[in-house]
Amino acid sequence: MNHTSHSEEAVYVYEAPLRLWHWVNAVAIVALAGTGYLIGSPPPSVGGEASASFVFGWIRYLHFAAGYVLIAGFAFRIYWAFAGNEHARQIFLPPVWRGRFWREVWHEVLWYALLVREPIKYSGHNPLATIAMHILFVWFTIFMIVTGLALYGEGTGMGSWQHTLFSSRVIPLFGQSQDVHTWHHLGMWVIICFVIIHIYVAVREDIMSRQTIISSMFSGWRTFRGNGTPRDSD
Amino acid sequence: MPPPVEEVLTPETFYEVMRRQGITRRSFLKFCSLTAASLGLGPTFAPKIAYAMESKPRIPVLWLHGLECTCCSESFIRSAHPLAKDVVLSMLSLDYDDTLMAAAGHQAEAIVDEVVEQYKGNYILAVEGNPPLNEDGMFCIIGGKPFVEQLKHAASNAKAIISWGSCASWGCVQAARPNPTRATPVHKVPGLPDKPIIKVPGCPPIAEVMTAVITYILTFEKLPELDRQGRPKMFYSQRIHDKCYRRPHFDAGQFVESFDDEGARKGYCLYKVGCKGPTTYNACSTVGWNGGLSFPIQAGHPCIGCSEDGFWDKGDFYSRLTRVHGFGIEADADRIGTTAATVVGAAAAAHAAASVVKRMRGKGGNN
Amino acid sequence: MGIRTPNGFNLDTSGQRVVVDPVTRIEGHMRCEVNIDENNIIRNAVSTGTMWRGLEVILKGRDPRDAWAFTQRICGVCTGTHALTSVRAVEDALGIIIPENANSIRNIMQLSLQVHDHLVHFYHLHALDWVNPVHALRADPKATSELQQAVSPSHPMSSPGYFRDIQNRLKKFVESGQLGPFKNGYWTNPAYLLPPEADLMAVTHYLEALDFQKEIMTTRTIFGGKDIHPNWLVGGVPCAINIDGEMAAGAPINMERLNYVRSVIERTIAFVDNVYIPDIIAIGNLYKAWLYGGGLSGKSVLAYGDIPDKANDYSAANLMMPQGAIINGNLKEVLPVDVRDPEQIQEFVPHSWYKYPDEAKGLHPWDGITEPHYELGPNAKGTRTNIIELDESAKYSWIKAPRWRGHAMEVGPLARYVVGYAQGHEEIKEQVDSTLRVLGAPLNALFSTLGRTAARALEAQWAARKQAYFLDKLIANIKAGDSSTANTEKWDPKTWPAEIKGVGFTEAPRGALGHWIRIKNGRIENYQCVVPTTWNGSPRDNAGNIGAFEASLMDTKVERAEEPVEILRTIHSFDPCLACSTH
Ligand code: HEM
Ligand code: HEM
Ligand code: NFV
Ligand code: SF4
Ligand code: SF4
Ligand code: F3S
Ligand SMILES: [Mg+2]
């Protein structure tokens, strides 16, 4: 890669499968949060014979379907961490053992606190974003999948793989089923908070920093304006 | 740790036990005539007692009571099949149960010692309620001493322990926040001899479930298969919700919105008035209560989750969502979540505004 | 060294100390110590509640609409009565008017509890004090059959063959050498006076009652979904009614359910009439000389009243169970009772294992404090965790000492019947007079251990019939077009004032029960229960008055100090519930 300063350099960061995953995942999470909220606080009752409607059944069905999309996507995403380019590994393996990484996290904090003038350029995620995605996205998605499957296994019952692998272990760990619901529900709010920050920062960076952000998640290419080398491409 | 499930129960005869302890046949017969005499019965009864003692005995049961409300005993006597009478007269030997036994005071206490010694490894300990550990255990005193001592003593030679009800299984109401007496469920009692524990939770458990657990043990001569939390799978592997007759209304989205509304009269699902059926493992919607006559939901009240660990502290009974304690907050997941999301959103907006201001200033400075 | 208590008992602690711990065949854990003189007469009595769970502490900060479920778990024997008291307290605080149907249903549930609890108490907790099952082996089944037919001609189970079968079963049981619950009873004690035929009849009824009792409470299963611990609701009852509308079959209450309730009530009335009442008369006749144990019953009795005929009216005139207080043995004057009056009901703790800022004073339950404080007095024998003898001059019980205008009071069926009798309550008067006539006993025979046991049976008979009254009333009201069961106007805590207080009361099987609640910002700020066995099992107070249990034991002769069946008889006659008393 050409390291000399250049005003319009482009790096291919997000390969197509990853981009596809990103948007499928985003849709799944929106669906999960919407239906999940309704599972906790159902919409007003419908009338008529019970056999004539399946409103709440559909809400739950959609939740589970989206849940499996999320799970399948996440499984693929893990595979892609091996198969894809170096950026594909970033959110799974933040180099937390490196002092430099933490110094740069600190620099990003100062940048977001509006205390430094120039952001460091990265072709992938900046270190703060990496650590945030690692914790708030990767771990909380795992948490949601594990607790979600534990709840799902309660319905499929003893003997089902969901029950054997998840319900029968996870429920005693939390205390009882109701606690798993509560934590699964709280997990949703953590992910919602992540999404709010994530979208805000994506939009902001797109405007404030001199690199493309949002369009990268569509095209895969990241282009830089002004001088300097992306820190993570050496 | 789930206890070994294949434990086989084959008690020795009382005579064998006595012989094993080095007692001669002569003193055994003497023991029999003394027993007859102590009952005010004639000498003709002695050989009959001796005969019985040489046959396989009914398995002795010590039924102890700690901090509790006796609803488990009350439930037990309501068993329709088998009748409580038949269990007590013909199936087992209820040697100690302070709510039913004739003996009192030291004559009652002596029975525990006697069974623990004479039926080593061949009696069942049934526990209703639980021991408090605060105040040196003196929130529950038996014979002038802390109940927890009696419990440990009675457990020392037991074949197995049955934890009746939510008290013995989980702690129940006296262990609800702030658990002022430090009431402790049986399996968490420090220093309790290591025995298989069968939890039969419920506040109280269903009578026919209680008698079924006992008759299972006696009939099949082994302990029932337990789940990871120590409950018999045969009655606790499904949620109320899985077999609830109102389930079609749940799927349809037909809910009781408030008590005695149209939906309540039509038997709609009680989810929105707080039903814990979806999170409660018990046999109410299958076995039913009082000979299968009804169960809470059938009578129009949401399940409060009475067989679940800590059900008293999972939020108000009439709300679907749990109140979350800690960090000075006490609110349900959605309140915590919307607050957090609002804070995050507001922070983002403020940050955006600050960024704009900063940028404009920066530009001005540069020029 | 004698001391005279303000309530008129001479205590003397010089004799031999006899300890009974555990007192069995009661609910919960209790200890009893007495001093007997050289003639084996009880000269000092000490009753101790030996358990505490802290429900009043646990209730703080919770949703008042949930309180019924917590307080219901105070006791699984008088299950439901605390729940009812609790919903009444919350409704009182919020000014909620409940529907007529809810009142009728609650009354049926409460009355079925009275019958069930009384019957189970008599046969399964109390009978073995009077009946010797081992003697029953000597009975002639034919003579037993004749006795049965004589005392209760309409009871169908009375043939000689029936009694022979029971006797054979009992024989087999005894011959097994494994006596189960009968082990170590005082079966050779001469205090058992029944002829073997009466023993066999009573043991047979012990078993019949054990089978039948499970039917009585099925009314509560219908209305409350389960028994023990049926469900209740602030504002009414949770069981909606749908008699012939769409989806009535899935509704909690429909025609089939009402028919079930009717059939249970009818069978209950028959069982009480044919079995319970005749047995009480038979046993009363044979133990007629045993007139000890009156204690406070002829001096100070208290009843709050219960079973409102019309909904929402808790005034004495509308309550079908009597309300009032009698003090100093003056049966001519029944004093009005007001549970809100801070001067009337107060709880003291100088002899209880609790702490007050000022223990010389009593506290009205709205201002009550529950702070445990376990310590033994200087004269106690043994150690902190191995009590040999208690020191009653210091703190000695987990039960507080409630007082009515400073008086220790007896509560319960006998107290209710004494108050009712003194007020000229027609149904009560008729029942009492006819029973006394049959037994050939004077009125003051009531003030005794047996009087307590008999009053309970009469009350069961009364309560069984009143269930039918309220079922009729429920059906008439539905017929008139009102099928509402709950008032949910004030369901949402947002509609509540910031600070309110309320009180609910009932007549529980064991006596007057009250719950006092303070609600602040939608949550419970203080919750206090004063329970029947708190009254009866009360320890001494600051003035030295002894409680009802203690008073009842005074001057009783104990045949054999090592087999104190007399103590059990009298204590059992109160049907003590220790889980209730301390909660
Ligand atoms: C539920 C919604 C969303 C979730 C859970 C989500 C999650 C993620 C994750 C996990 C990544 C890291 C990808 C990787 O490195 O493997 C990412 C990257 C990205 N997402 Fe999203 N996303 C969501 C919605 C959106 C939306 C609506 C936008 C557009 C405004 C967006 C724009 C981006 C961009 C631009 C990146 C690349 C960021 C960078 O290179 O620093 N995301 N997202
Ligand atoms: C970001 C991902 C997810 C979010 C935000 C989410 C959100 C929620 C929420 C809010 C609830 C209601 C909890 C309650 O209060 O009872 C819920 C329930 C549930 N979720 Fe998820 N969930 C997610 C992922 C999953 C996954 C991966 C599964 C697995 C299939 C799953 C399965 C379930 C099940 C079985 C329930 C219980 C449904 C019921 O009780 O009827 N969830 N979810
Ligand atoms: N004492 C008492 Fe209770 C009653 N009756 C309650 O209020 O018994 Ni368990
Ligand atoms: S589990 Fe419930 S019903 Fe059983 S004794 Fe405990 S409080 Fe009572
Ligand atoms: S009433 Fe309760 S258990 Fe029944 S379907 Fe509804 S939520 Fe499930
Ligand atoms: S409250 Fe308990 S009785 Fe059954 S329906 Fe629920 S587990
Ligand atoms: Mg109290």
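Below, all heavy atoms of this structure are taken into account, side chains as well, without hydrogens, waters or symmetry copies. All chains are named by letter (A, B, ...) in the order of the sequence lines, taking the proteins before the strands, and each is independently numbered beginning at 1.
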Is there a side chain to side chain contact (heavy atoms under 4.5 Å, CB included) between B:Ser93 and C:Lys183? Walk through the geometry before answering. CA-CA 10 Å; B:Ser93 185; C:Lys183 197 176 164 89; over 6 Å; no
Smallest heavy-atom separation, C:Arg31 atom then B:Gly143 atom, equals NH1-C, 4.1 Å
So what's closer than 4.5 Å to chain B heavy atoms on C:His29: side chain, backbone, both or neither? side chain
Any heavy-atom pair between the side chains of B:Phe317 and C:Phe70 that's under 4.5 Å? yes
Heavy-atom pairs under 4.5 Å with chain C - which of B:Thr181, B:Leu270, B:Val173 has more of them than the others? B:Val173
Walk me through it: do C:Gln213 and B:Ile77 pass the test side chain to side chain contact (heavy atoms under 4.5 Å, CB included)? CA-CA 8 Å; C:Gln213 53 80 30; B:Ile77 62 169; 3.7 Å; yes
How close do C:Pro22 and B:Tyr96 get, heavy atom to heavy atom, and via which atoms? CG-OH, 4.0 Å
Tell me, for B:Ala80 versus chain C, whether the close heavy atoms (under 4.5 Å) come from the side chain, the backbone, both or neither. both
Can you tell which part of B:Pro132 gets under 4.5 Å to a heavy atom of chain C, answering side chain, backbone, both or neither? neither
The test is side chain to side chain contact (heavy atoms under 4.5 Å, CB included); show your working for B:Lys48 and C:Lys171 and say whether it passes. CA-CA 10 Å; B:Lys48 290 178 178 159; C:Lys171 214 175 244 163; 5.6 Å; no
Under a 4.5 Å heavy-atom cut-off, does chain B meet the side chain of C:Thr582, its backbone, both or neither? neither
Okay, C:His116 and chain B: the region with an atom under 4.5 Å from a heavy atom over there is side chain
Does the C:Arg384 side chain pair with the main chain of B:Asp136, one donor and one acceptor, at a distance under 3.5 Å? no
To the nearest 0.5 Å, tell me how far C:Arg62 CZ sits from B:Trp312 CH2. 8.5 Å
What part of C:Trp52 is in contact with chain B, defined as an atom under 4.5 angstrom from a non-hydrogen atom: side chain, backbone, both or neither? both
Looking at B:Lys85 and C:Glu208, is any side-chain nitrogen of the basic one under 4.0 Å from a carboxylate oxygen of the acidic one? no
Sort B:Val88 into side chain, backbone, both or neither according to what part of it lies under 4.5 angstrom from a heavy atom of chain C. both
Relative to chain B, which segment of C:Val174 carries a heavy atom at a distance below 4.5 Å: side chain, backbone, both, or neither? both
Would you mind checking which part of B:Cys306 comes under 4.5 Å of any heavy atom in chain C, side chain (CB onward), backbone (N, CA, C, O), both or neither? side chain
Side chain to side chain, C:Glu175 and B:Tyr51, heavy atoms closer than 4.5 Å: no
Heavy-atom distance under 4.5 Å between the side chains of C:Trp398 and B:Ile141, does that happen here? yes
Using side-chain heavy atoms (C-beta onward) and a distance below 4.5 Å, is B:Asp260 in contact with C:Leu233? no
What donor-acceptor contacts under 3.5 angstrom involve side-chain atoms of residues 98-112 of chain B, with partners at least two apart or in another chain?
{"from": "B:Thr99", "atom 1": "OG1", "to": "B:His65", "atom 2": "NE2", "distance (Å)": "3.1"}
{"from": "B:Thr99", "atom 1": "OG1", "to": "B:Asp97", "atom 2": "OD1", "distance (Å)": "2.8"}
{"from": "B:Gln107", "atom 1": "NE2", "to": "C:Glu562", "atom 2": "O", "distance (Å)": "2.8"}

Least distance between heavy atoms, B:Pro180 atom then C:Ile58 atom: CD-CG1, 3.6 Å
Does the side chain of C:Ser484 reach to within under 4.5 Å of the side chain of B:Arg265, using non-hydrogen atoms? yes
Could you tell me if the side chain of C:Asp63 sits less than 4.5 Å from the side chain of B:Tyr318, heavy atoms only? no
Tightest non-hydrogen contact, residues B:Ala299 and C:Gly224, listed as CB-C, 3.8 Å
Any side-chain to backbone donor/acceptor pair from B:Asn290 onto C:Thr218? Under 3.5 Å, distance only. no
Heavy-atom pair of closest approach, residues C:Arg53 and B:Cys69: NH1-CB, 3.9 Å
Taking C:Gln178 for its side chain and B:Arg58 for its backbone only, find out whether a donor-acceptor pair lies under 3.5 Å. yes
Less than 4.5 Å to any heavy atom of chain C: does that hold for the side chain of B:Tyr245, its backbone, both, or neither? side chain
Within a strict 4.5 Å, meaning less than it, do heavy atoms of the C:Thr50 and B:Ile142 side chains meet? no
In this structure, CZ of C:Arg73 is separated from SG of B:Cys203 (nearest 0.5 Å) by 4.0 Å
Scored by heavy-atom pairs under 4.5 Å with chain C, the best of B:Gly288, B:Ser258, B:Pro178 is B:Pro178
Does the B:Glu149 side chain pair with the main chain of C:Thr385, one donor and one acceptor, at a distance under 3.5 Å? no
Heavy-atom check, side chain of B:His301 versus side chain of C:Lys226, under 4.5 Å: no
Results of ring-ring contact (aromatic ring centres under 6.0 Å, His included) for C:Tyr374 - residues two or more places apart only: C:Trp353
Part of B:Asn134 lying under 4.5 Å from any heavy atom of chain C: neither
